There are 2 protein chains.
Amino acid sequence: MDEVNASRELGVRLVQAAERLKADFAEAILPFELSVPAARALLLMDEPVPMRVLSDRLTCDQSYITRIADELEGRGFIQRVPGADRRVQLLKLTRSGIRMRESVFAAVTANNRVQLHLSRAEREQLDHLVALLLGD
Amino acid sequence: MDEVNASRELGVRLVQAAERLKADFAEAILPFELSVPAARALLLMDEPVPMRVLSDRLTCDQSYITRIADELEGRGFIQRVPGADRRVQLLKLTRSGIRMRESVFAAVTANNRVQLHLSRAEREQLDHLVALLLGD
DNA sequence: TATTGTTATACTCTATAACTATA
DNA sequence: TATAGTTATAGAGTATAACAATA
């Protein structure tokens, strides 16, 4: 019963650590005046990507991608280009989108607690534990 | 540079694991028709507690505690009782609040991934790694 | 009939600002 | 003057439902 409580508290601290990571991310992208989801989306766009695929990668609803795409298009970082299947829109980085993506990437990696606070061995341990937690 | 990427992806998975924990919590309390923050607050109320103290424990603004207290009071789970300092309101569990708190506690511990998926040794490892991540 | 993307709308969690009543 | 709590409001992230176009 004490073990039960310790486990619950560990869960609370794990969530706290994750919130810290998210706060670090938000702070890192502050200079770019992008919303967090838009910055996340940028990082997931290498090749031109169907909006539907992006909603899978972000694990969010398709309708939310419309919103993110509007933001990124409004800032000139992507274009919507029609796909072969004419229902599909591909999101494609513009020149300035490519530069912004690189800036975001540099900012968030420079600021990464996981790398700054953990040794390689510790990261491997953590990776394993996280996999156990996520495993069916 | 590959290590940089691996660290970032590990961070993403860590956040995913935390969201899973949060989703488990939300699912566990579903039968009780409590909001997540109200359920969290319940778990933090043992003795009658000043609203201000509760806002520290939940790390949220005081104004949000008013909202949570309204919900819990509306459901009959707490009473506001005046403190010695007459600016202060203590939140105090009612009989039915005590029972609800026990139900919530039982539901969320029965459902705890950290305990279900990790051995004691693994939990200790995780605790250590989380402390490193949170450390200044 | 099923799927892609869009629109409108709404919900949850949470903060900020302005206020009151005490201290 | 500073603090506890309240109120009203707003903003971020996200989902749902209904819809048009296409498959």
Side-chain angles (χ1 to χ4, degrees), chain A residues 12 15-16 18-23 25-27 29-30 32-45 48-74 78-92, chain B residues 12 15-16 18-23 25-27 29-30 32-45 48-74 78-92:
Chain A
V12 169
V15 169
Q16 275 168 5
E19 319 259 77
R20 200 67 87 78
L21 258 43
K22 293 204 276 183
F25 185 95
E27 195 190 328
I29 65 168
L30 219 46
F32 310 119
E33 295 185 294
L34 283 168
S35 72
V36 166
R40 291 216 299 138
L42 265 191
L43 293 178
L44 293 172
M45 276 181 231
V49 53
M51 297 177 71
R52 175 57 207 270
V53 171
L54 195 55
S55 79
D56 287 343
R57 292 193 193 159
L58 279 172
T59 45
C60 71
D61 193 81
Q62 283 176 251
S63 67
Y64 193 41
I65 301 298
T66 298
R67 186 170 289 231
I68 293 171
D70 288 349
E71 175 181 348
L72 291 173
E73 198 176 46
I78 61 161
Q79 283 182 314
R80 283 166 160 99
V81 310
D85 179 334
R86 285 198 339 237
R87 289 170 303 183
V88 173
Q89 303 274 16
L90 290 297
L91 302 186
K92 186 183 172 201
Chain B
V12 169
V15 170
Q16 274 168 5
E19 318 260 76
R20 199 68 86 77
L21 258 43
K22 292 204 277 183
F25 185 95
E27 195 191 328
I29 65 168
L30 219 47
F32 310 119
E33 295 185 293
L34 283 168
S35 72
V36 166
R40 290 218 297 138
L42 265 191
L43 293 178
L44 293 172
M45 275 181 232
V49 53
M51 298 177 72
R52 175 55 208 269
V53 171
L54 195 53
S55 79
D56 287 341
R57 292 193 191 160
L58 280 173
T59 47
C60 71
D61 194 82
Q62 282 177 253
S63 67
Y64 193 41
I65 300 297
T66 298
R67 186 171 291 232
I68 293 172
D70 287 348
E71 175 182 347
L72 291 173
E73 197 176 47
I78 61 162
Q79 282 183 316
R80 284 167 160 96
V81 310
D85 179 334
R86 281 192 348 232
R87 291 171 302 183
V88 172
Q89 303 276 17
L90 289 300
L91 303 187
K92 184 183 175 201

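We name chains A, B, ... by the order of the sequence lines, and we start the count at 1 in each one. Quick caveat: nothing in here was measured; it's all calculated off a predicted structure.
No donor-acceptor contact under 3.5 Å links the side chain of A:T66 to the base of C:dT7. The base of D:dT16 sits within donor-acceptor range of the side chain of A:S63, with an N or O pair under 3.5 Å. Between the side chain of B:R87 and the base of D:dT3, a donor-acceptor pair under 3.5 Å is found. Side chain B:R67 to base C:dT14: a donor-acceptor pair is found below 3.5 Å.
Applying the side chain to side chain contact (heavy atoms under 4.5 Å, CB included) test to A:T66 and every residue at least two apart in sequence or in another chain returns A:M51, A:D70, A:R80. In this view, B:R86 satisfies the side chain to side chain contact (heavy atoms under 4.5 Å, CB included) rule with no residue, not counting sequence neighbours.
The interatomic distance linking B:I65 (CD1) with D:dT7 (C1') rounds to 16 Å, in whole Å. Whole-Å rounding puts the B:D61 CG to D:dT7 P distance at 15 Å. The nearest whole Å value for the distance from the CG atom in A:D70 to the C1' atom in D:dG13 is 15 Å. Here the P atom of nucleotide C:dG5 and the CG atom of A:D56 are 10 Å apart, to the nearest Å. What separates CZ of B:R57 from C1' of C:dT14 is a distance of 20 Å, to the nearest Å. Rounded to a whole Å, the CD atom of B:E19 is 13 Å from the P atom of D:dG13. Distance B:L54 CG to C:dT14 P: 13 Å, rounded to the nearest Å. The interatomic distance linking B:I68 (CD1) with C:dA15 (C1') rounds to 13 Å, in whole Å.
The residue B:R80 sits close only to the backbone: its heavy atoms come under 4.0 Å of sugar-phosphate atoms, none of a base. If you check every strand for non-hydrogen atoms under 4.0 Å, A:Q89 touches sugar and phosphate atoms only.
Between A:Y64 and the phosphate of D:dT14, there is a side-chain N or O to OP1/OP2 separation shorter than 4.0 Å.
Each of B:R86 and B:S35 was assigned the nucleotide of DNA chain C with the nearest heavy atom; the assignment lying further toward the 5' end belongs to B:S35. Both A:P37 and A:A84 sit near DNA chain D, but only A:P37 has its closest nucleotide nearer the 5' end.
The nucleotide whose nearest atom lies closest to any side-chain atom of A:D85 is, among D:dA23, D:dG5, C:dT4, D:dA23.
Atom CD of B:E71 sits in a crowded spot, with more than 12 heavy atoms from other residues, nucleotides or ligands closer than 6.0 Å.
At least one donor-acceptor pair under 3.5 Å links the side chain of B:S55 to the backbone N or O of B:R52.
Taking 4.0 Å as the cut-off between side-chain N and carboxylate O, A:E19 and B:K22 count as a salt-bridged pair.
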